[in-house]
Amino acid sequence: MRAAQVTRLDGPEAVEVVDLPDVGEGADPATTVVVDVAAAGICFPDVLLTRGQYQMKPEPPFVPGSEVAGVVCSAPPGSEFSPGDRVAAFCVLGGFAEAVAVDPAMVFPLPQDTPWAAGAALPMNYLTCHFALRERGRLQEGETVLVHGAAGGVGTAAVQLAKAWGARVVAVVSTDAKAEVARAAGADEVVPADGFKDAVADLTSGRGVDLVVDPVGGDRLTDSLRSLAPGGRHLVIGFTAGSIPEVRVNRLLLNNVSVVGVGWGAWWTHRQGPGPAYLRTQWDELLPLLQSGAVDPVIGEVRDLDEVVAALVAVDERRATGKVLLTP
């Protein structure tokens, strides 16, 4: 099978498309579901993996790609899946290939009317944002949510889920083109990254927002904390800006606000965590939103597997909007 492989930790440009043995030949048919991949999603951790900068550090050579949609080729006896079923899956690694073997607990039924692109765009970003908003942020209907990087994959997922759960959403973007993407995703208001604190103050009559969703990091943290209403929560999801900010904790004390870590994978993989079954619980909560249209992943670039380097670079340089996908 064809696959995109990291052979050395020199960044996206070093990823190579190669021929590998069919994953189905080496998979244990009693314990894994083999999925013929129709589309694979790219996320920022895939970029970090190419440099050895992610918390998970597989030794090269390895095939990146954590989320896919496709058709079941084989499944363990007694599982809920059968050959021919349409599914999405969170495979952790191996998704940038024509086929991938996945733990059945991390395979999810995909409705017949959901396109492959949308299915592959769901597992990482939407389950992360579900965990962020529901579990860590304790979002309540009627609250106001500020979303940084609102035109990206995580950002558009956060916008849609917050809206679906009754929040007012203020999107922060860096360009006019990204503003249009955030509006199309459902944002109520869109403000530029430059000067967002003052814009938020104007929009909220000085009160501030209840929740900040931050996959960007960098120098936005201080003004994000200043933008929180009393009792507000700042959700730390990632650092696409590249730098990890530091918190002056007196700001938390003075305004009774919180900085909350969002480690979705660390939550369910921890030895005291809920385990992979948690993902299916999340998926089952997403399905009604998907079927109603409240969740409709914003798709940016869709590239052939041979264009994997260009796709990864677009994510790395923060040029991408919505979800970037590969098709084998």
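Side chains are part of it too, since the values below use all heavy atoms of this structure and drop only hydrogens, waters and symmetry mates.
Side-chain contact check for Glu141 versus Trp165: every heavy-atom pair is 4.5 Å or farther apart. Side-chain contact check for Val159 versus Arg183: every heavy-atom pair is 4.5 Å or farther apart. Contact annotation: the side chain of Val298 never approaches that of Thr321 to less than 4.5 Å [non-hydrogen atoms, C-beta and beyond]. The closest side-chain heavy-atom distance from Pro245 to Phe239 is below 4.5 Å. Residues Val102 and Val100 meet the side-chain proximity criterion, which asks for heavy atoms closer than 4.5 Å. The closest side-chain heavy-atom distance from Cys129 to Val154 is below 4.5 Å. Considering only heavy atoms from C-beta on, His234 comes within 4.5 Å of Leu221 through its side chain. Residues Thr144 and Val170 meet the side-chain proximity criterion, which asks for heavy atoms closer than 4.5 Å.
Distance check, rounded to the nearest 0.5 Å: CD of Glu13 to OG1 of Thr50 gives 8.0 Å. Rounded to the nearest 0.5 angstrom, Asn255 CG and Asn250 CG are separated by 9.5 Å. Distance check, rounded to the nearest 0.5 Å: CZ of Phe44 to CG of Leu312 gives 11.0 Å. Separation of atoms CZ (Arg207) and CG (Leu228) is listed at 10.0 Å; rounding is to 0.5 Å. In this structure, OG on Ser227 lies 8.5 Å from CG on Leu225, to the nearest 0.5 angstrom. Taking CD of Glu301 as the start and CG of Leu325 as the end, the distance is 10.0 Å to the nearest 0.5 Å.
There is no path of hydrophobic side-chain contacts, each under 4.5 Å, that joins Ile237 to Val212. Note: the hydrophobic cluster containing Leu133 also contains Val260 (ILVMFWY, side chain heavy atoms under 4.5 Å, direct or indirect links). In this structure, Val147 is not a member of the same hydrophobic cluster as Val209, with clusters built from ILVMFWY side-chain heavy atoms closer than 4.5 Å. Note: the hydrophobic cluster containing Val191 does not contain Val181 (ILVMFWY, side chain heavy atoms under 4.5 Å, direct or indirect links). Note on Val302 and Val313: separate hydrophobic clusters, where clusters join Ile, Leu, Val, Met, Phe, Trp and Tyr whose side-chain heavy atoms are under 4.5 Å apart, directly or indirectly.
A donor-acceptor pair under 3.5 Å links the side-chain atoms of Asp46 to the main chain of Cys43, judged by distance alone. Under the 3.5 Å distance criterion, the side-chain polar atoms of Ser79 are matched with a main-chain donor or acceptor of Phe81. Under the 3.5 Å distance criterion, the side-chain polar atoms of Gln140 are matched with a main-chain donor or acceptor of Arg138. In this structure, the side chain of Asp214 engages the main chain of Val216 through a donor-acceptor pair within 3.5 Å. Under a 3.5 Å cut-off, the side chain of Arg136 and the backbone N or O of Gly261 do form a donor-acceptor pair. Using modelled atom types, one side-chain atom of Lys323 and one backbone atom of Ile42 make a donor-acceptor pair closer than 3.5 Å. Formation of a donor-acceptor pair under 3.5 Å by the Asp198 side chain with backbone atoms of Gly195 is not found in this model.
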Distance-only check: which donor-acceptor pairs under 3.5 Å involve side-chain atoms of residues 5-12, not counting sequence neighbours?
{"from": "Thr7", "atom 1": "OG1", "to": "Glu16", "atom 2": "OE2", "distance (Å)": "3.3"}
{"from": "Arg8", "atom 1": "NE", "to": "Asp10", "atom 2": "OD2", "distance (Å)": "2.8"}

May I have the list of side-chain donor-acceptor pairs in residues 58-65 shorter than 3.5 Å, sequence neighbours left out?
none

Using a 3.5 Å cut-off and no angle test, enumerate the donor-acceptor pairs between side-chain atoms of residues 105-128 and protein atoms at least two apart in sequence or in another chain.
{"from": "Asn125", "atom 1": "ND2", "to": "Gly153", "atom 2": "O", "distance (Å)": "3.4"}
{"from": "Tyr126", "atom 1": "OH", "to": "Gln160", "atom 2": "OE1", "distance (Å)": "2.7"}
{"from": "Thr128", "atom 1": "OG1", "to": "Met124", "atom 2": "O", "distance (Å)": "2.7"}

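Listed by first then second residue, pairs satisfying salt bridge (charged side-chain N to carboxylate O under 4.0 Å, His left out) with a partner in residues 94-105 number zero, not counting sequence neighbours. For residues 154-166, the salt bridge (charged side-chain N to carboxylate O under 4.0 Å, His left out) pairs, not counting sequence neighbours, are Lys163-Asp188.
In this structure, the ring-ring contact (aromatic ring centres under 6.0 Å, His included) partners of Phe196, at least two apart in sequence or on a different chain, are His148. Partners of Arg86 by salt bridge (charged side-chain N to carboxylate O under 4.0 Å, His left out), not counting sequence neighbours: none found. Applying the side-chain contact (heavy atoms from CB on, under 4.5 Å) test to Asp306 and every residue at least two apart in sequence or in another chain returns Arg2, Val17, Asp304. Residues passing the salt bridge (charged side-chain N to carboxylate O under 4.0 Å, His left out) test with Asp223, sequence neighbours excluded: Arg226. Under the rule for a salt bridge (charged side-chain N to carboxylate O under 4.0 Å, His left out), Glu285 has no partner lying at least two apart in sequence or in another chain. Scanning for salt bridge (charged side-chain N to carboxylate O under 4.0 Å, His left out) contacts around Arg280 gives Glu80, Asp284, with sequence neighbours left out. Every side-chain hydrogen bond (donor to acceptor under 3.5 Å, both in side chains) that Arg233 has, sequence neighbours left out, goes to Glu143.
In the displayed structure, Asp219 atom CG is contacted under 6.0 Å by at most 12 heavy atoms of other residues, nucleotides or ligands. Counting heavy atoms of neighbouring residues, nucleotides and ligands inside a 6.0 Å radius, atom CG of Asp28 exceeds 12 of them. No more than 12 heavy atoms of other residues, nucleotides or ligands lie within 6.0 Å of CZ in Arg248, so this atom counts as exposed by the packing criterion.
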Problem - side-chain contact (heavy atoms from CB on, under 4.5 Å) evaluation trace for Asp316 with Arg51 - result: CA-CA 11 Å; Asp316 187 25; Arg51 297 191 177 104; 2.6 Å; yes
Q.
Could you go through Leu146 and Val200, starting from their C-alpha distance and side-chain angles, then the distance that decides it, and tell me whether this counts as side-chain contact (heavy atoms from CB on, under 4.5 Å)?
A. CA-CA 8 Å; Leu146 180 73; Val200 167; 3.7 Å; yes
_Worked verdict on Asp210 versus Arg168 for salt bridge (charged side-chain N to carboxylate O under 4.0 Å, His left out)_ = CA-CA 10 Å; Asp210 301 289; Arg168 176 192 183 192; over 6 Å; no
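Taking each heavy atom of Ala294 and Ala164 in turn, the nearest pair found is CB-CB, 4.0 Å. In terms of heavy-atom proximity, Thr204 sits nearest to Gly208 at OG1-N, 2.9 Å. Across all their heavy atoms, Asp36 and Ala99 have their closest contact at OD1-CB, 3.9 Å. Nearest approach of Ala132 to Val262, heavy atoms of both residues: CB-CG1, 3.7 Å. Of all non-hydrogen atoms in Val15 and Val309, the two that sit nearest each other are O-CG2, 3.6 Å. Between Met1 and Ala97, the shortest heavy-atom contact is CE-CB, 4.0 Å.
In this structure, Asp194 does not pair ionically with Lys197, as no charged nitrogen and carboxylate oxygen lie closer than 4.0 Å.
Judged purely by distance below 3.5 Å, without hydrogens or angles, the side chains of Trp264 and Gln282 pair a donor atom with an acceptor atom.
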